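Sequential numbering from 1 along the given sequence is applied to the chain's residues. Both ligands and their constituent atoms are indexed starting at 1 by order of listing. Note that these values count all heavy atoms, side chains included, but never hydrogens, waters or copies made by symmetry. Since the structure is predicted, the reported quantities are computational estimates derived from the model, not experimental observations.
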Amino acid sequence: MGTITSDETSRRQFLAAAGLTATTAWLTPRALFAQSDDVLVPGALKAAATAGVTVQALRRNVSVLLGAGGNIAVLAGPDGKLLVDSEIVSSRPNVSAALASINADPVKQLINTHWHFDHTGGNEWLHEVGASIVAHENTRKHLSKDTRVEGWKHTFPAAPASALPSTIFKDEHTLHANSTTLILKHYLPAHTDSDISVHFTEADIFHSGDTFWNRNYPFIDYSTGGSIDGTIRAAEANLAKVTDKMIVIPGHGAVGGKADLILFRDVLVGIRGKVAALKKQGKSLEEIVAAKPGVGTDEEWGKSFMTPSAFLALVYQGV
Ligand SMILES: [Zn+2]
């Protein structure tokens, strides 16, 4: 199974290197913004260099790699490996070791669920070892030029040509590899404007990209087309698609299923409703954070990538 270290260890390493601790969750927005310089992306790059990557076998010939960045799905077989997402660039040694623990076959194909650095960071090295890259057209667009993400206070330089998807599509794209049909579908703007889902149809495994964070508050990238309402719309789209036996790989968090998608939708809708009502009453973001609209989930959902107040700021922005 190639287990290197636990998920929990990765998360702690991520938080430590990003300079975040559990106490960050209870800072006021003003304090949070005061310290929210360009620290998250550099911290994530540093953390991913040492974070463990865990291999979890799912069904048929599909596994998932769980590490510091976005979850990677791996489809193995005689055509070589097919990957969904490529993690943070600095996780290369640990991702390589995890892939080698599955088998010695090369990676031949890579699909990006969206353009973010923690899902496309490995594009360049995976292309160099033989993978061709498929993604939505907006993934190539954002990777092709300098792109600012205001929510992370970070500007990503244009990626080198070898890291860019060579096959792009608009709405839907079908691939065949290793006796598997993969259906790639674009979402209406949600977490970004480049989000796609990947359905391994025979195994009935669904990679949602960052339209679903399992028991974690999601980041929402308003700079490249994301919004809270788009994120909720995508959560509804995932629920319309999911079956009782479907295995769902989230962008971040543990592998889940239908009940987890329902919970995610309900939490987002609940918090959005409370924030919108308070904002309509004229409450400031600081007052809304103090009212703790996510009191039931803050402790569990706000301890990893997104603090409760950082998530509330993203919801507030969109209502
Ligand atoms: Zn993302």
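- At a threshold of 4.0 Å, the pair K303-D298 does not count as salt-bridged, since none of the basic side-chain nitrogens sits closer than that to a carboxylate oxygen.
- Classification of K258 and D244 as a salt-bridged pair holds, one side-chain N sitting under 4.0 Å from a carboxylate O.
- Ion pairing between R265 and E236 holds under the 4.0 Å rule for side-chain N and carboxylate O.
- Listed by chain and residue number, the protein N/O/S atoms under 2.8 Å of the Zn ion (ligand 1) are H114 NE2, H116 ND1, H191 NE2, D210 OD2, with waters left out.
- Heavy-atom contacts from other residues, nucleotides or ligands closer than 6.0 Å to NZ of K170 number 12 or fewer.
- Salt bridge annotation for D79-K108: absent, with no cationic side-chain nitrogen under 4.0 angstrom from a carboxylate oxygen.
- The closest side-chain donor-acceptor pair between D171 and H186, if any, does not fall under 3.5 angstrom.
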